[in-house]
Protein chains: 2
Amino acid sequence: MVTAVTNTEPRRRNRRGEGGKLREEIIAAAVALLDEGGDERAVTLRSVARKAGIAAPSIYAHFADQPSIMLAVVQREMDALAVALREADENAGPDARRRLFAVCTTYLDFARVHPQRYRIMFGGLWTPSVDDTSITDADLDSLGAEALTLLADVLGACVDQGIAHGSDDLYGDAVALWLGLHGLAHQRAVVRKMPGPADVGERLITALAHLK
Amino acid sequence: MVTAVTNTEPRRRNRRGEGGKLREEIIAAAVALLDEGGDERAVTLRSVARKAGIAAPSIYAHFADQPSIMLAVVQREMDALAVALREADENAGPDARRRLFAVCTTYLDFARVHPQRYRIMFGGLWTPSVDDTSITDADLDSLGAEALTLLADVLGACVDQGIAHGSDDLYGDAVALWLGLHGLAHQRAVVRKMPGPADVGERLITALAHLK
DNA sequence: CCTTTCACTTACAGCCGTTAGCTTATGGCT
DNA sequence: AGCCATAAGCTAACGGCTGTAAGTGAAAGG
C-alpha cells in the first residue's frame, strides 16, 4: 500500500483571505501519514507536502521548520484527547464508578484507535528544541495538569461515594493511575500482541484507584 | 558537544581469528551514540562507523543492514536488563517484600540510568521487518516471559508470606504490575521532569502488588 | 612466500531541509 | 469592464546526509 501519490487534481488554490486554511491541511496530511502505519520517520517535510498536494517550500509560509509541524500535530491531538476525556466524564452521569471507567476507557481507546498518534504524543521524539512555540514543559503540563486534575476529581468522587479507599494525596494517586494507564496504552500502541489477560485494563484501574 | 570526530589513532586492526570482535565494538558504538543524549535518529550506519573508528561499509561484514544494528543493540540491552533483574532478586534474600522492591527498583533504575536505551527497547521503533534475525514477537516475549515469570514468582512469595492479598491469576497481576512500572519508567525516560510525588513508584508497586 | 582474513577507498543514487526568485489567480478599485 | 496590487503557491537549485555496491590494499600467520 503506497497510498497513491497520483494527485488527480492539481488542487484548487485557496481564496484570498483563506490562505491559513492550508495550515490545517498540512497538519491533517501529517496525521494521515502517521495513521497509515509508517512510523514517524515517514513524516518528513517533503512527504507531508506530497500528501497535502502542495510543493515542499509552500510549507514555510505556515511553519518555521520541520519540527514545528510535528509540534503542531502533537498539540492538536493533545487537545483532542483532553476534549474526549472531559466529554466522556460529562456523559457518564453521576455514578463515580461509571465516571472513572468512562474516563480511563476513553484514554485507553484513544491509544488503541490511534496508536501512531499516541506514540508521537508521549514517545518523546518531537525534538526538545527550546525555541519559538516550544511545548516540552508548558504544554505537556497543560494536558498533564488538565487530565490529572480530571482524574483526581473522579477519584475524589469515588472516595466520596464510598466505593474507594481514601488517601491523603489524591493528586498523587491520580498520577499513579495515569502512569498505569499510560503503561498499558503505550505498550498496546507499540507491540502487535499484548501478553496477559484481556481484562488487564480493569485490573489496573481497580488496583490503582483503590476500589473496594 | 559534538563528541570529537577527531580519531587520534587510526585504530589497530583485529588479529586473524578475532574479526568478530568488531561486531561488539559496533554495538558498543551504537549504544554510546544513544547514551550521548541524541535520540535514535542520531544512530545511523555511518555515524556508528565513525564512532567505532571504521569505514562505513566495514559494517556489512557483521550486519546485514542498518536496522540489524539497532536490533542487536536491543537484544543486548534486553539481556542485560534480564540479568540485572535476576541478580537483584537473588541478592535480596528471602524476604518477599525486599525481593519485590529490589526487582522493581532495579527495573526503574535501568530506565532512569539509561533512558535512551530504554526508549529504543520499548519504544517500538526498531522496524518490524519480518526477515532474518527478527525479534518483534519471539524475543520480546523472551524478555516478556522471563521478567514476567520472575515478577509472578515474587508476587507468589508475597502472598505466601502473607504480606499481599492473593489472586486467582498471579500472571495477570504480574502483567499489570509490569505495565505500571513500564508507564513510570517510560515517562521518566521521555520527559525531563515528572509531575507527581517522589514516592509514586512505591505507590504503584504497593497498589499493583496488592500489598497489605 | 602466499593465502586468507580484515578492513579501506571510491562511487552512486536517492532523499532530506532549506533558500531564492518566479508565476498566477483573486478581488477591490476606478 | 478593465487594471493591478497582493496574497498564494510554484519551480529550480544548493549542500548535505543517507544506505549500499564494487573493487582494492595490507597485515597476519602457516
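Order of the sequence lines sets the chain letters (A, B, ...), proteins ahead of strands, with each chain counted from 1. Quick caveat, the model's predicted, so the values are computed rather than measured.
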To the nearest angstrom, how far is [X] atom [atom1] from [N] atom [atom2]?
X     : N      : atom1 : atom2 : result
A:I59 : C:dT18 : CD1   : C1'   : 12 Å
A:H62 : D:dA7  : NE2   : P     : 13 Å
B:I26 : D:dG19 : CD1   : P     : 13 Å
B:E25 : C:dC6  : CD    : P     : 13 Å
B:M70 : D:dG19 : CE    : P     : 11 Å

Write out a two-atom table: protein N or O, nucleotide N or O from nucleotides 11-16 of chain C, distance below 3.5 Å.
residue: C:dC16; atom: OP1; partner: A:T44; partner atom: OG1; Å: 3.3

I'd like to check the side-chain contact (heavy atoms from CB on, under 4.5 Å) partners of [X]; sequence neighbours left out, ordered by chain and number.
X     : result
A:V83 : A:R86, A:E87
A:A49 : A:I54, A:A56, A:I59
B:E24 : none
B:A55 : B:P57, B:S58

| salt bridge (Lys or Arg N to Asp or Glu O under 4.0 Å) partners for B:R112, two or more places apart | B:D109
Could you go over nucleotides 22-25 of chain C and give all protein N or O partners under 3.5 Å, atom names and distances?
residue: C:dT24; atom: O2; partner: A:R13; partner atom: NH1; Å: 3.0
residue: C:dT24; atom: O2; partner: A:R13; partner atom: NH2; Å: 3.0

| What pairs of residues pass the salt bridge (charged side-chain N to carboxylate O under 4.0 Å, His left out) test when at least one of them lies in residues 177-186 of chain B, not counting sequence neighbours? | none
| query | Please, which pairs that meet salt bridge (charged side-chain N to carboxylate O under 4.0 Å, His left out) have at least one residue in residues 172-188 of chain A, sequence neighbours excluded? | reply | A:D173-B:R203
| query | Hey, would you say the A:H186 and A:F122 ring centroids sit under 6.0 Å apart? | reply | no
| task | Just compare C:dC8, C:dT19, D:dC10 and give me whichever is closest to any side-chain atom of A:Y60. | result | C:dT19
| query | Side-chain N or O of A:R11 less than 4.0 angstrom from OP1 or OP2 on D:dA8? | reply | no
